[in-house]
Amino acid sequence: MGLAGAALALAFGPAGPARADGAREHQAQDRTPRWEPQDSGTGARFRGLAAVSRGTAWVAGSKGTVLRTSDGGAHWRNVSPPGAGELEFRDIEAFDGRRAVVLAIGEGDASRVLRTEDGGATWTESFRNADPKAFYDCLTFFDPRHGLAMSDPVDGRFRILSTRDGGRSWDVLPGDGMPAAQDGEAGFAASGQCLVSSGPHDVWLATGGGAHARVLHSSDRGLTWRASDATIPAGDPARGVFGLAFRDRAHGLAVGGDYRADQASAQASATTADGGRTWTPSAAPVPAYRSGVTWLPHTRAGALAVGPTGTDVTNDGGRTWRTVDTGSYDTVSCAHDGACWASGETGRIARLAP
């Protein structure tokens with residue numbers, strides 16, 4: 001474990017079951033995590049976030065805005081694609097400080113994918129949706145070459161785009177391996193986490209709006225899918241699973257609720273230990289709607305969840321959560337070396353204090 005991992009272990013408590021050393025356990029729990037706000041220089045809302053390393057991270061948001069830092073967030077450089085001011089970026093996947101893929105959402109040709117290979121100095125549009133019935137929400141990559149993007153149901157099934165060349169070109173996958181969608185079922189383009197992957201082949205898709213919130217899983221890069229009911233309530237266009245995180249192909253977290261500020265969000269978090277086949281509601285769930293969630297690097301049981309009313313932390317793999325901050329964030333992301341960022345409305349970006 002490096003310095004970043006050690007800092008996370010101290011800040012968020014032990015990985016795995018409680019230790020016999022009660023004094024050390026109490027001391028670890030007392031180390032409350034803290035966000036350090038950073039100056040983005042813009043008022044855009046950033047629902048797309050990709051943490052690459054301690055030095056490098058990308059955010060993407062409203063009005064076609066993309067920012068990148070190469071110094072740990074001390075400075076954020078505006079690298080927005082020219083002429084993208086009418087686009088709503090909701091997801092970004094970055095491989096390093098030079099290569100990134102960003103998704104714009106919306107009906108018809110408002111849904112687009114753009115790619116940069118030079119740190120945002122230039123951008124290339126690699127996909128523009130031509131189907132007026134499609135609305136793309138999220139994207140994910142298994143590795144720097146293979147990735148997927150997902151659309152709300154078209155002709156009764158979620159639509160999946162696939163790339164094998166790092167986002168330079170995209171193809172619609174056959175829909176015969178996708179279960180039928182429920183009436184009113186859709187994904188939520190709230191945090192870039194309605195489609196997530198772990199390892200070289202496994203990917204999960206989160207839904208809401210239908211009678212039941214569901215999580216769909218594919219173990220063959222999106223060719224065939226299996227749907228499972230989640231325990232987070234749905235039954236309304238504003239309710240369901242908004243964000244997923246998997247630390248391996250078995251252990252996952254789901255967060256969501258009802259995004260309307262005047263509505264309660266009961267049972268808004270859940271866990272799985274079997275790759276999403278079954279979900280268990282948290283014994284002490286997040287207290288309100290949460291749109292983003294991430295596992296903490298170098299821990300087996302630590303994670304963060306964020307939403308408009310706060311940040312919550314778990315030390316036991318999502319079984320219990322406690323609120324540690326009341327600031328508004330839409331999404332959260334951690335790099336493999338331990339650096340974590342959150343972003344949200346009115347240009348908000350913050351880094352987890354070391």
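Within the structure, ring-ring contact (aromatic ring centres under 6.0 Å, His included) pairs that include any residue of residues 103-125 do not occur (at least two apart or interchain). Among residues at least two apart or in separate chains, ring-ring contact (aromatic ring centres under 6.0 Å, His included) pairs with a member in residues 309-333 are Trp35-Tyr329. Sequence neighbours left out, the pairs with a member in residues 266-291 that pass salt bridge (charged side-chain N to carboxylate O under 4.0 Å, His left out) are Arg290-Asp312.
How far NE2 of His201 is from CZ of Arg221: 5.0 Å, rounded to the nearest 0.5 Å. Taken from CD in Glu107 to CG in Asp152, the straight-line distance is 9.5 Å, to the nearest 0.5 Å. Once rounded to the nearest 0.5 Å, the distance linking OG of Ser198 with CZ of Phe142 reads 10.0 Å. Distance check, rounded to the nearest 0.5 Å: CZ of Arg239 to OG of Ser265 gives 8.5 Å. For the atom pair CG (Leu216) and SG (Cys194), the distance works out to 11.5 Å, reported to the nearest 0.5 Å. If you take CG on Leu161 and OG on Ser151, they are separated by 8.0 Å, rounding to the nearest 0.5 Å.
Relative orientation of the Phe246 and Trp204 rings is parallel, given thresholds of 30° and 60° on the angle between their planes.
In this structure, the side chain of Asp91 engages the main chain of Leu139 through a donor-acceptor pair within 3.5 Å. The backbone N or O of Val101 sits nowhere less than 3.5 Å from a side-chain atom of Arg115 that would complete a donor-acceptor pair. No donor-acceptor pair under 3.5 Å is formed between the side chain of Thr326 and the backbone N or O of Gly310. For Glu185 (side chain) and Thr207 (main-chain N/O), no donor-acceptor pair under 3.5 Å exists by modelled atom type. Looking only at distances, no side-chain donor or acceptor of Thr124 sits under 3.5 Å from a matching main-chain atom of Ser126. Checking side-chain atoms of Arg90 against main-chain N and O of Ala189 turns up a donor-acceptor pair under 3.5 Å. Counting only distance, with no hydrogens or angles, the side chain of Thr314 and the backbone of Gly302 share no donor-acceptor pair below 3.5 Å.
Judged purely by distance below 3.5 Å, without hydrogens or angles, the side chains of Ser191 and Ser291 never pair a donor atom with an acceptor atom.
The nearest pair of heavy atoms linking Pro153 to Ala181 is CG-CB, 3.6 Å.
At least one side-chain heavy atom of Trp76 sits less than 4.5 Å from a side-chain heavy atom of Val59. Taking 4.5 Å as the limit, every side-chain heavy atom of Tyr289 sits out of range of all side-chain heavy atoms of Asp258. The shortest distance between side-chain heavy atoms of Cys340 and Thr294 does not fall below 4.5 Å.
Considering only residues two or more places apart in sequence or on other chains, His251 meets the ring-ring contact (aromatic ring centres under 6.0 Å, His included) condition with none of them. Partners of Asp137 according to the salt bridge (charged side-chain N to carboxylate O under 4.0 Å, His left out) rule, which considers only residues two or more places apart in sequence or in another chain, do not exist here. With sequence neighbours left out, Asp96 forms a salt bridge (charged side-chain N to carboxylate O under 4.0 Å, His left out) with Arg99.
Linking ILVMFWY residues whenever their side-chain heavy atoms come closer than 4.5 Å, directly or via other members, places Met150 and Leu148 in the same cluster. One hydrophobic cluster holds both Leu49 and Leu67 under the rule that ILVMFWY side chains link at heavy-atom gaps under 4.5 Å.
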